[in-house]
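Before any comments, here is the structure.
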Amino acid sequence: MLRIWLLVAALLAVHACSEPSNPPPGASPAFEAEFEIAADGAISLDGAQLPGELGSAEACDALRVVARRRIGRFDERDPHSCILPLVRVQLTVDPSADFGHACRLLCFANQLGVNLWSFSLVRGDGSSARLPLTLRACPDPHNFPHPSSAERNLMVRLVASNEHHERALEPQAGWSFETWTYDAPREPKVDLDWPQVERLVAEARLRSRTSILSRTIASDAPWCDVELLLRQLDALGVDHYEFVPEG
């Protein structure tokens, strides 16, 4: 019996030595992928132009390859890892690029799977902190509008319309708000200013109800205007974003 235990111990020692050691959490890269949208709308992935048009088989394959970089990886020492980790993506958008370009990319990425993407928006000059753009956990056709978090319960829906952009985007006006629960009808309110939005969201949180903010933005609105709006939303606390190209 002693010989058997010694043999088992020896085999375990050899197995442990042959196993590759996991790098410490600090050695993991900040992002698994980097997207960049140029002023003319050209999309680059990891420094190379995304193959094909958005929606094409080539583009789908390229994004699925990126998704597989994180799926199934788990490290109990990494507080950011989980059974199905999010792909951490750095998104850089030229300030003069049209909102429609970014909207189509984010919508396209979200259609490829559930809980696969964790976008962080950065400015090219590094002048501002990263901005999280967490996409919806369940894209269509599930279409459940409530976020999974029980702490903030706020979802934001931004629609890129085909209308022409005529003036600077006004972050303080033009909002729509509604609440949603399983057992109560929606209560849509339109054409709200920002103080009204803040009050309605706070009231919904006190009642443990989901808030849904929506806004229609011209597709050709410059990204610099939209980013101001996104940073204002981030200060309010957003669980999930939904980006919807119109038409």
>> side chain to side chain contact (heavy atoms under 4.5 Å, CB included), that's the test. Do D234 and L133 meet it? Break it down for me.
In response: CA-CA 9 Å; D234 184 63; L133 292 178; over 6 Å; no
Side chains of [X] and [Y], heavy atoms from C-beta outward: is any pair under 4.5 Å?
{"X": "L121", "Y": "E227", "result": "yes"}
{"X": "P245", "Y": "C103", "result": "yes"}
{"X": "Y241", "Y": "F119", "result": "no"}
{"X": "F243", "Y": "L135", "result": "yes"}
{"X": "W175", "Y": "D193", "result": "no"}
{"X": "L131", "Y": "R231", "result": "yes"}
{"X": "M155", "Y": "V238", "result": "no"}
{"X": "L213", "Y": "L200", "result": "no"}

> Do Q232 and Q172 get their side chains close enough for a donor-acceptor pair, meaning under 3.5 Å?
Replying inline: yes
>> Under the ring pair (Phe, Tyr, Trp, His ring centres under 6.0 Å) definition, can you give me all pairs with a residue in residues 212-235, not counting sequence neighbours?
In response: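 Found none.
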Heavy atoms only: give me the nearest [X]-[Y] pair and the separation to one decimal.
{"X": "S120", "Y": "R130", "result": "CB-CD, 4.2 Å"}
{"X": "P171", "Y": "W194", "result": "O-CE3, 4.2 Å"}
{"X": "S176", "Y": "D191", "result": "OG-N, 4.4 Å"}
{"X": "P51", "Y": "S56", "result": "O-OG, 4.0 Å"}
{"X": "R205", "Y": "L236", "result": "NH2-O, 3.0 Å"}
{"X": "A38", "Y": "A97", "result": "O-CB, 3.5 Å"}

Looking at [atom1] of [X] and [atom2] of [Y], how far apart are the two atoms once the value is rounded to the nearest 0.5 Å?
{"X": "L63", "Y": "L50", "atom1": "CG", "atom2": "CG", "answer": "6.0 Å"}
{"X": "L158", "Y": "C107", "atom1": "CG", "atom2": "SG", "answer": "12.0 Å"}
{"X": "D94", "Y": "I37", "atom1": "CG", "atom2": "CD1", "answer": "10.0 Å"}
{"X": "S219", "Y": "H101", "atom1": "OG", "atom2": "NE2", "answer": "9.0 Å"}
{"X": "D46", "Y": "F35", "atom1": "CG", "atom2": "CZ", "answer": "7.5 Å"}
{"X": "F108", "Y": "I43", "atom1": "CZ", "atom2": "CD1", "answer": "9.0 Å"}

>> Looking at R199 and E203, is there a salt bridge between them, counting it only when a charged N and a carboxylate O are closer than 4.0 Å?
In response: yes
Determine whether more than 12 heavy atoms belonging to other residues, nucleotides or ligands lie under 6.0 Å from atom [atom1] of [X].
{"X": "R215", "atom1": "CZ", "result": "yes"}
{"X": "E163", "atom1": "CD", "result": "no"}
{"X": "E53", "atom1": "CD", "result": "no"}

Is it the case that one hydrophobic cluster holds both [X] and [Y], taking links as side-chain heavy atoms less than 4.5 Å apart, direct or via other members?
{"X": "V159", "Y": "L154", "result": "no"}
{"X": "V244", "Y": "L106", "result": "no"}
{"X": "V156", "Y": "L192", "result": "yes"}

> When you look at T210 and T179, which way does the side chain to side chain contact (heavy atoms under 4.5 Å, CB included) test go after all the steps?
Replying inline: CA-CA 5 Å; T210 294; T179 58; over 6 Å; no
>> side chain to side chain contact (heavy atoms under 4.5 Å, CB included) for L105 and L91? Distances and angles first, verdict last.
In response: CA-CA 10 Å; L105 172 62; L91 174 64; 4.1 Å; yes
> Donor-acceptor pair, D98 side chain versus A221 backbone, under 3.5 Å?
Replying inline: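 It does not hold such a pair.
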> Residues sharing V190's hydrophobic cluster, by side-chain heavy-atom contacts under 4.5 Å among ILVMFWY, directly or via others?
Replying inline: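 Result for V190 is none, singleton.
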>> Suppose we screen for salt bridge (charged side-chain N to carboxylate O under 4.0 Å, His left out). Which residues come up paired with R104, at least two apart in sequence or across chains?
In response: none
>> Run D220 and H164 through side chain to side chain contact (heavy atoms under 4.5 Å, CB included) and show every step you take.
In response: CA-CA 7 Å; D220 62 348; H164 179 65; 2.9 Å; yes
